[in-house]
Amino acid sequence: MNIIGNLLGHVLRVIYEIVQNYGWSIIAFTILVKILLLPLTIKQTKSTKAMQDIQPKLQEIQEKYKDKPEKQQQEIMKLYQEAKINPLAGCLPLLIQMPIIIGLFSVLRDPVAYGVFTNEAAFKVADTGFLWLSSLTSTHHIEMGILSGVSAYVMQKIMTPPDQAEGPMKTMTYVMAAMSFYWGYTFTAGLALYWTVSNLFSIAQYYLVMNPLKAKLANSKEEVINETKPKFKK
């Protein structure tokens, strides 16, 4: 984890040397990381969409062979092979992102230890405040808590499929918003800024990239279905 943290710390240092403002450097750093992770996010979206498409067939197999677990497993694997789906592909991008996310939190919690600044004195010179924040190392800013909570709520809301908007997913939306409010309030302002900007970027990414991608995948599926339908002569 130190290797990842040190690498990310040096990236943030280079950005700060260019921008010369620690707050804006964190924002630029967050956007850069999100852009670099975009291919993984797209891959995860495609895998999730493919799994949703085969859900009716999957449930049919589970119901048909509910008393024959071995046969059920064979049929499910056969379905995955026919649909060219790796059931673990949706989890892989998230597993890859976790060490990066943890590394980011470590860097922003202690930028000196990870090479962003050469020493504490240099960090204090850079940490002169940002917007209404007097210091990016201070905590318990109600404004950051609200921004973090609201951005997390909107992100969770728009990314939840309409057919899953009620029940457990609705509860999860409020839980994530409450947790994000708590994190934004208790984290250092620099960490809260990163978390909030990350949420806002994810919202923009959904509308500009993910939503059009899902529509394109849905249209491609519809075209395949239409091409495979038997054609009758009039």
For A126 and F117, work out which heavy atoms get closest and say how close.
CB-CE2, 3.4 Å
To the nearest 0.5 Å, how far apart are OG in S198 and CG in L37?
9.0 Å
Closest heavy-atom pair and its distance - A152, A177
CB-CA, 4.4 Å
Roughly how far, to the nearest 0.5 Å, is CG of L200 from NZ of K34?
10.5 Å
Would a single hydrophobic cluster contain both V125 and V19, if residues Ile, Leu, Val, Met, Phe, Trp and Tyr are joined by side-chain heavy-atom contacts under 4.5 Å?
no
Are the side chains of V11 and I15 in contact, using a 4.5 Å heavy-atom criterion?
yes
Report, as yes or no, whether the 6.0 Å neighbourhood of atom CD on E70 holds more than 12 heavy atoms from other residues, nucleotides or ligands.
no
Closest non-hydrogen contact found for G5 with Y114 is C-CD2, 3.4 Å
4.5 Å side-chain heavy-atom contact, F181 and I142
yes
Would you name the heavy atoms of M155 and S202 that are closest together and state the gap between them?
SD-CB, 3.5 Å
Under a single-linkage definition using a 4.5 Å side-chain heavy-atom cutoff for Ile, Leu, Val, Met, Phe, Trp and Tyr, are Y194 and L7 assigned to the same hydrophobic cluster?
no
Separation between OG1 (T186) and CE (M144), nearest 0.5 Å, reads 11.5 Å
For a 4.5 angstrom cut-off between non-hydrogen side-chain atoms, does L108 reach T188?
no
So among F29, F123, F130, which one has a ring pair (Phe, Tyr, Trp, His ring centres under 6.0 Å) with Y22?
F123
Does any N or O in the side chain of D127 come within less than 3.5 Å of the main-chain N or O of L136, such that one atom is a donor and the other an acceptor?
yes
Check: E75 side chain, I61 main-chain N or O, donor-acceptor pair, under 3.5 Å:
no
Check: S138 side chain, S134 main-chain N or O, donor-acceptor pair, under 3.5 Å
no
Please name the pair of heavy atoms, one in S151 and one in N199, separated by the smallest distance, quoted to 0.1 Å.
OG-ND2, 3.1 Å
Examine distances only and state if a side-chain atom of T196 and a backbone atom of L193 form a donor-acceptor pair shorter than 3.5 Å.
no
Check: I35 and F201 side chains under 4.5 Å, non-hydrogen atoms
yes
My understanding is that only one of Y185, W183, F187, Y182 makes a ring pair (Phe, Tyr, Trp, His ring centres under 6.0 Å) with H140; could you say which?
Y185
Interatomic spacing from CG in L133 to OG1 in T128 - rounded to 0.5 Å
11.5 Å
Assess whether side-chain contact (heavy atoms from CB on, under 4.5 Å) is satisfied between S180 and W195, documenting all intermediate values.
CA-CA 8 Å; S180 290; W195 185 253; 3.3 Å; yes
With rounding to the nearest 0.5 Å, note down the distance linking CH2 in W132 to CD in E143.
6.0 Å
Would a distance-only check, ignoring hydrogens and angles, find a side-chain to backbone donor-acceptor pair under 3.5 Å from S148 to G145?
no
Does E17 come within less than 4.0 Å of R13, counting only side-chain N to carboxylate O?
yes
From CE (M77) to CD (Q72), nearest 0.5 Å
12.5 Å
Between the side chain of Y206 and the main-chain N/O of I158, is any donor-acceptor distance below 3.5 Å?
yes
So does W24 have more than 12 non-hydrogen atoms from other groups sitting under 6.0 Å from CH2?
no
Apply side-chain contact (heavy atoms from CB on, under 4.5 Å) to H10 and V14, showing your working.
CA-CA 6 Å; H10 286 299; V14 171; 5.6 Å; no
Got L12 and L8 here, is their nearest side-chain heavy-atom distance under 4.5 Å?
no
